[in-house]
Amino acid sequence: MPQTEIKPILAKAGIKFEDSLKNAGVKGAIAVLVDGREFDLSDVPEKDALVEAILLESARGTKILRHSAAHLLAQAVTEIFPDARPNAGPPTDDGFYYDIDMKAINQEEMESVEKRMREIVSRNLKIQKEVLSKPDLLKKFSHNPYKIDKINENVPDGGASSVYVQGGFVDFCKGPHVPSTGYIKAVKLLSVASTHYKADETRPMLVRIYGTAFPDDKALKEYLRNREEAVKRDHRKIAQEMDLLVFNSERAPGFPLYTPNGLVLKEELTGFMRKLNRKHGWQEVATPHIYRDTIWKQSGHYAKYKSDMFLFTLEDGDSYGVKPMNCPGHITIFEREPKSYRELPVKYCEAGTVYRYEKSGEVGGLTRPRMFTIDDGHAFLRLDQIVQEVRDIMYMIKETFSSILGEAQLTYDLSVIDRDNPGNYLVTYKCASCGTQIETRRVSVSDELTCPNCSSTDLKPDFSTWDQATDQLRDALDSEGLKYTENPGEAAFYGPKIDVHVKDALGRMWQLSTVQVDFFMPTNFGLYYINSESKHDRIIMIHRAVFGSYERFMAILIEHFAGKFPTWLAPLQTYIVPVSEKFNDYAQKIHAKLIDEGIRAQIDLGSETMNKKIKTIRKMRPSYILVVGEKEQNDGTVSVRNRSDRQSVMPADEFLRKLKDEIKSYRLDQSI
RNA sequence: GCCACUGUAGCUCAGCAGGUAGAGCAGCUGAUUCGUAAUCAGCAGGUCGGGGGUUCAAAUCCCUCCAGUGGCUCCA
């Protein structure tokens, strides 16, 4: 293991960090850390400071390396294409990119850029920091409007900032960087994409080149292997091989059609969730796919998501919308009769299929379809019941993923309101002159609100409901001992939420579960309960989903297991191959027995050779392949080949017993 | 929606200095009856994503629309 931590040393004022490190006998540093801030080795401290060496192999060091690799990329590009205007090139979690204003480049050109990068590495150019005044900066980058923008945004008048020079290339940058291009030993360009300047779709497109860099070749190779593995596991490819779904881009672009195999998988997951819901007191309901548009106006979806909905008007003039959400349906069921405080919480759930018109460039596979099924749940409860309910949901979530994925690693996000932009959310406003309260969502920040009572325009947002909801979520997380990060501005328009991310077998994090507290939709629909004093009281709603979308979760499972599902999920659990036609009867007897016991079993009575049958069925990823011939027929046994191609022979009854047990217990590995 | 790339048989792909399509697998027919990753032979299968244009002639060149992929934006 490379050493990644070194004891801090004292750096004297006026002496370059690199010299202080050298004097202290510290080797291999590429930058230093002082009070949490990173500096170049060539920087000179103004006063004595305790410094920590940053080694290339550390997380910080690798990030610096990648940042330098981004500069290297820009240098190579500008050497080959002198007209290219680099914009920005940051490191990312697993690599780096650089956005450059240039003509789109193809594969060969990208390879020549990469070749040039290696060549610049072998030149081992010194990467030197210079500090320039603002006018000098503007002059130096006068040919590059993007850098001019950046300088004007980041450097105050009369101020100065650093640039980094390597050979003939110079970039406006805070740094730090590795001391020379020779440090960038393991670098690889990965892909070309395009992006809008400042992520603003009205601005010009830039070419974004992605790449990655690692401290050594071995780490790079391993990363590339993982990437290849991810491509091999692509759910679209495996779903095709296992015959799970059909996408017909002409007839229904973005809409998955389930084949028999695919439906087995979805129904197994639905069954799992049904059982869990029952255990936790969620009652199953079913609601229509189409409603009058008035319900969407009332829920607030229409105002915000109209253009993303499938809407239509009939000849008689009635307008309808296909549901993009299940909540209004559940509300409609809930409000059928008044509820007493004693009856709460009321919890409805549904595997509810919703339809959203995702824009053409956004649809893709199962991760972003236009039709998907949510394991949706809506709890209607009292203010004092939130914490307990959220805790129970967090428990359900943990139960689900540890059961389906094994030792699942979960992380939690708490998304809260951005107080500076209340216009994005449904917020209570209080009139400063007459005290009237209204709950509304401004369409744009410039929208002036007027008091419906006194027509005053002096309305102040009141965040107390948001604060209450958010505090309850914090409470629930804290009392379950869960660590979480808070994200201001990421809340839903009707309330704060907890999102749960799950790590898959390739180390990727996926956002799956979500728990959202909603004070506003119950208000929009006038929901109430009768409290112990016979008065109306406000209903609180919790929206929750554990899998999120079945389709997306299936995609994740396919890639997580590489299609080799645990037996309970596998569309094909047993595949039976007779050694030759002579043993068809015995094979059919076994098959009939398995079918009778509810096993998803198939038998192959074709005239192909046994070898070929085994070969061709592999893409279906059966849990078990049974080969039966003379020996098995005589002994009443089966020859079993499992997912890892391990073979064994056992009595047919024993196989069936173990198989049933494995399925019933949702077992992840194989018992045979 | 924006940018780039791609679209040829059910699947994977070849053909593209313009001369109206080819392979493997899958399928069908026949032979083969086999002990754990491809038995042999034959047959059939495509108005080359749709539309328009240039040309004597378009899968191939041009325009346009649709769709897929990688990104950007968005994601109730």
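- Residue-level contact check: Arg208(A) touches the backbone only, with heavy atoms under 4.0 Å from sugar-phosphate atoms and none from bases.
- Not less than 6.0 angstrom separates the ring centroid of Tyr348(A) from the ring centroid of Trp282(A).
- Taking atom NZ of residue Lys582(A) and atom P of nucleotide U33(B), one finds them 9 Å apart after rounding to whole Å.
- Across all strands, Glu632(A) comes closer than 4.0 Å to base atoms (heavy-atom distances).
- Between G53(B) and C48(B), the two P atoms lie 16 Å apart (nearest whole Å).
- Rounded to the nearest Å, the gap between the P atom of C61(B) and that of G7(B) is 11 Å.
- Taking the side chain of Gln240(A) as heavy atoms from C-beta on, and the options G49(B), U12(B), U69(B), the nearest nucleotide is U12(B).
- A9(B) and G15(B) have their P atoms separated by 15 Å, with the value rounded to a whole Å.
- Rounded to whole angstrom, the span from the NE2 atom of His196(A) across to the C1' atom of A4(B) amounts to 12 Å.
- As the counterpart of A67(B), U6(B) is assigned, both hydrogen-bonding distances of the Watson-Crick or G-U wobble pattern falling under 3.5 Å.
- Dashed line: the shortest gap from a side-chain N or O of Arg227(A) to OP1 or OP2 of G70(B) is not under 4.0 Å.
- In terms of position along RNA chain B, the nucleotide closest to Ser360(A) lies nearer the 5' end than the nucleotide closest to the other residue of the pair Met325(A) and Ser360(A).
- Comparing the C1' positions of G71(B) and C13(B) gives an interatomic distance of 26 Å, to the nearest angstrom.
- Both thresholds, 5.5 Å between centres and 30° between ring planes, are met by Tyr305(A) relative to the base of A76(B), so the two rings are stacked.
- Here Lys613(A) does not pair with Glu608(A) in a salt bridge; the nearest charged N to carboxylate O distance is not below 4.0 Å.
- Ring geometry for Tyr305(A) versus His301(A): interplanar angle of 30 to 60°, hence tilted.
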Original post:
Given the rule in the side-chain hydrogen bond (donor to acceptor under 3.5 Å, both in side chains) test, do Asn634(A) and Lys631(A) qualify, once you have shown the distances and angles that lead to the verdict?
Top reply: CA-CA 5 Å; Asn634(A) 292 340; Lys631(A) 269 186 290 176; over 6 Å; no

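- Applying the Watson-Crick and G-U wobble criteria (two distances, each under 3.5 Å), A14(B) pairs with nothing in any strand.
- Taking atom CD1 of Ile209(A) as the reference point, atom P of G71(B) lies 15 Å away to the nearest angstrom.
- Here Val354(A) lies out of heavy-atom contact (under 4.0 Å) with every strand.
- A salt bridge between Arg544(A) and Glu389(A) is absent, with no side-chain N of the basic residue lying under 4.0 Å from a carboxylate O of the acidic one.
- Rounded to whole Å, the C1' atom of A26(B) lies 11 Å from the corresponding atom of U12(B).
- As a whole-Å value, the separation of Glu608(A) CD from C25(B) P is 11 Å.
- Using the Watson-Crick or G-U wobble rule with both distances under 3.5 Å, C72(B) pairs with G1(B).
- For Ser607(A) against U32(B), a side-chain-to-base donor-acceptor contact under 3.5 Å is present.
- Aromatic ring orientation, Phe334(A) versus Phe380(A): parallel (interplanar angle below 30°, classes split at 30° and 60°).
- One cannot find a donor-acceptor pair under 3.5 Å joining the base of C74(B) and the side-chain atoms of Arg356(A).
- Taking the P atoms as reference points, A41(B) lies 24 Å from G46(B), given to the whole Å.
- Look at Asp308(A) and Arg356(A) and you find no salt bridge, because none of the NZ, NE, NH1 or NH2 atoms lies under 4.0 Å from a carboxylate O.
- For the pair Glu358(A) CD and C72(B) C1', the interatomic distance rounds to 15 Å; values are reported in whole Å.
- G70(B) sits 28 Å from C25(B) when the C1' atoms are compared, rounded to a whole Å.
- Gly606(A) comes within 4.0 angstrom of no nucleic acid atom, judged by non-hydrogen atoms across all strands.
- Between the CD atom of Glu490(A) and the C1' atom of A76(B) there is a distance of 14 Å, rounded to whole Å.
- Residue Tyr494(A) is classed as a sugar-phosphate contact, given heavy-atom separations below 4.0 Å to backbone atoms only.
- Residue Thr609(A) places its side chain closer to U39(B) than to any other of G35(B), U33(B), U39(B).
- For Glu630(A) and Thr616(A), each mapped to the nucleotide of RNA chain B holding its nearest heavy atom, the one lying further toward the 5' end belongs to Thr616(A).
- Across all strands, Thr195(A) comes closer than 4.0 Å only to sugar-phosphate atoms, never to a base (heavy-atom distances).
- Of all nucleotides present, none satisfies the Watson-Crick or G-U wobble test against C48(B) with each distance under 3.5 Å.
- A gap of 14 Å separates the P atoms of A17(B) and A59(B), to the nearest Å.
- Judged by distance alone, with hydrogens and angles left aside, Lys612(A) brings no side-chain donor or acceptor close enough to the base of A38(B) to form a pair under 3.5 Å.
- Atom CD of Glu630(A) is surrounded by 12 or fewer heavy atoms from other residues, nucleotides or ligands within 6.0 Å.
- For Lys359(A), counting side-chain heavy atoms from C-beta on, the closest listed nucleotide (G1(B), A76(B), A37(B)) is G1(B).
- Within 4.0 Å (heavy atoms only), Gln516(A) reaches sugar-phosphate atoms of the nucleic acid but no base atom.
- Nearest nucleotide to the Asn611(A) side chain, out of A38(B), A76(B), U73(B): A38(B).
- In this structure, Lys613(A) places its NZ atom 13 Å from C1' of U39(B), rounding to the nearest Å.
- What separates CG of Asn584(A) from C1' of U32(B) is a distance of 15 Å, to the nearest Å.
- When distances run from any side-chain atom of Ser249(A) to the nucleotides U69(B), A76(B), A67(B), the shortest one goes to A67(B).
- Taking 4.0 angstrom as the limit, Tyr210(A) places a side-chain polar atom (N or O) nearer than this to OP1 or OP2 of C72(B).
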